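Structure, as structure tokens:
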Amino acid sequence: MIQFISHHTERYTYLDGIRLALDGGIRWVQLRMKDASDEDFLRTGREVRKLCDRYNATFIIDDRVELVREIGADGVHLGKKDMPIAEARRMLGNNVIIGGTANTFEDIEAHYRASANYIGCGPFRFTTTKQGLSPLLGIEGYRSIMQNVREAGFDIPVVAIGGITADDISSLMLTGIAGIALSGAILRADNPIEELKKIMKYE
Amino acid sequence: MQINVNNKPINTEATNLSTLASELSLPEKGVAVAINNRMVPRSQWEQTPLSEGTSVIIIKAACGG
């Protein structure tokens, strides 16, 4: 299960990147435009909604709880500095997917109890896409976190994130995570389409 | 038969993903489902068989808890 987090480069706009990902078989998209105005986000978000409908893909937006309904997104992903999950749940109700960022088992437990529907857990390794992150987890980190999740009996899907490339996926999946979130790995590759094919083999 | 949904064992009568979806009252929209790590679009749920021990991951609102 792979979530594509939007990203832009000199070659690809946000929409280009998402179109490329959907064309390549991705069926779970997160629109992340950290520095964009709400107006730009809304405009792009509406286009992404149409694209995701066409491909039957699940569509999550990053951070902007107040735009979920306007865009018609299926859910929202909340980082550590964004609105607390419980507050977003109160605003959005039970029909919206809420994902939360976690670095430790304690984060996962807190998000689970606050009614999150999935967890983006990371970072796996150093990444230039997102800076100022928590300590790196590596394979061993996921192994121990997932063991805690199983022992606690939390039925919440955990997705690994942060600097993951195609070559990491098979060993990461063995730790018991539900999937992978990717951003830079695809669009920064010399040949994004080939990279995506390589990644989708694990899907 | 016992399968795993989000790493939790559950008992089900469902023999394919579509019947499981109704058993679990999955909503019409905004659900992502993967079987043994592979995402399955809704159009293929009916043709996707479940067997003992199948691992199903479901990302949806109001899941778990």
Side-chain angles (χ1 to χ4, degrees), chain A residues 1-3 25-29 49 52-53 55-60 68 72-77 89 92-99 111-120 146-147 149-159 169-170 172-174 176-180 200-203, chain B:
Chain A
M1 187 167 238
I2 291 170
Q3 184 190 72
I26 295 274
R27 290 296 174 266
W28 188 14
V29 170
R49 176 70 275 177
C52 285
D53 281 345
Y55 286 87
N56 226 327
T58 303
F59 174 33
I60 306 281
V68 170
D74 299 310
V76 63
H77 186 93
R89 178 63 74 203
L92 295 171
N94 283 329
N95 297 324
V96 169
I97 296 170
I98 300 180
H111 291 342
Y112 178 75
R113 300 206 186 283
S115 85
N117 304 116
Y118 78 92
I119 302 286
M146 289 316 296
Q147 192 177 339
V149 169
R150 277 191 298 274
E151 279 166 12
F154 296 165
D155 55 347
I156 187 162
V158 176
V159 172
I169 297 179
S170 56
L172 268 170
M173 291 309 295
L174 287 176
I177 55 166
I180 308 277
M200 295 312 287
K201 278 195 204 129
Y202 298 99
E203 246 275 335
Chain B
M1 158 174 87
Q2 199 176 68
I3 61 170
N4 287 303
V5 174
N6 295 348
N7 285 327
K8 212 171 192 172
I10 65 155
N11 285 306
T12 177
E13 304 285 312
T15 51
N16 67 52
L17 196 49
S18 178
T19 6
L20 181 72
S22 2
E23 250 183 42
L24 300 176
S25 330
L26 294 192
E28 281 300 307
K29 267 196 68 183
V31 184
V33 177
I35 297 267
N36 300 328
N37 297 329
R38 191 173 288 268
M39 262 171 122
V40 186
R42 186 179 288 268
S43 55
Q44 287 166 27
W45 286 4
E46 193 133 12
Q47 296 92 310
T48 305
L50 300 174
S51 51
E52 184 75 29
T54 300
S55 165
V56 185
I57 301 285
I58 302 173
I59 311 271
K60 69 164 185 87
C63 194

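Reminder, nothing fancy here: chain letters follow the sequence lines and each chain counts from 1. Not measured: the values here are computed from a predicted model.
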task = Applying ring pair (Phe, Tyr, Trp, His ring centres under 6.0 Å), name anything that partners A:Tyr55, two or more places apart in sequence or on another chain.
result =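 A:Tyr55 satisfies ring pair (Phe, Tyr, Trp, His ring centres under 6.0 Å) with no other residue.
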request  = Mark yes when over 12 heavy atoms from residues, nucleotides or ligands other than B:Glu52 sit less than 6.0 Å from its CD; otherwise mark no.
outcome  =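 Check passes, neighbour count above 12.
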message = I'd like to know if the side chain of B:Ser22 and the backbone of B:Ser18 have a donor-acceptor N/O pair within less than 3.5 Å.
response =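 Yes, because the side chain of B:Ser22 sits within donor-acceptor range (under 3.5 Å) of the backbone of B:Ser18.
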message = Quick one, A:Arg49 and A:Asp74 - any side-chain contact, counting heavy atoms below 4.5 Å?
response =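 Contact flag for A:Arg49/A:Asp74 side chains = yes.
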inquiry  = In the structure I gave you, are the side-chain heavy atoms of B:Asn6 and A:Tyr118 within less than 4.5 Å of one another anywhere?
reply    =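 Not in contact.
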Please classify the contact between [X] and chain B as side chain, backbone, both or neither, with a heavy-atom cut-off of under 4.5 Å.
X	value
A:Asn94	both
A:Leu92	neither
A:Met173	side chain

request  = Only counting residues at least two apart or in another chain, list the ones meeting side-chain hydrogen bond (donor to acceptor under 3.5 Å, both in side chains) with A:Arg89.
outcome  =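 For A:Arg89, the residues satisfying side-chain hydrogen bond (donor to acceptor under 3.5 Å, both in side chains) (neighbours in sequence not counted) are A:Ser115, A:Asn117.
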task = On the 0 to 90° scale, with breaks at 30° and 60°, tag the A:Tyr112-A:Phe154 ring pair as parallel, tilted or perpendicular.
result =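 Ring orientation of A:Tyr112 relative to A:Phe154: parallel.
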inquiry  = If the condition is side-chain contact (heavy atoms from CB on, under 4.5 Å), which residues does B:Thr19 pass it with, not counting sequence neighbours?
reply    =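 Partners of B:Thr19 by the side-chain contact (heavy atoms from CB on, under 4.5 Å) criterion, ordered by chain and then number, come out as B:Ala14, B:Asn16.
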query = Relative to chain A, which segment of B:Asn37 carries a heavy atom at a distance below 4.5 Å: side chain, backbone, both, or neither?
reply =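 When you check distances to chain A, atoms from both the backbone and side chain of B:Asn37 fall under 4.5 Å.
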Residues of residues 38-50 of chain B contacting chain A, heavy-atom criterion under 4.5 Å, by residue number =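 So far as heavy atoms go, B:Arg38, B:Met39 are the residues that approach chain A to under 4.5 Å.
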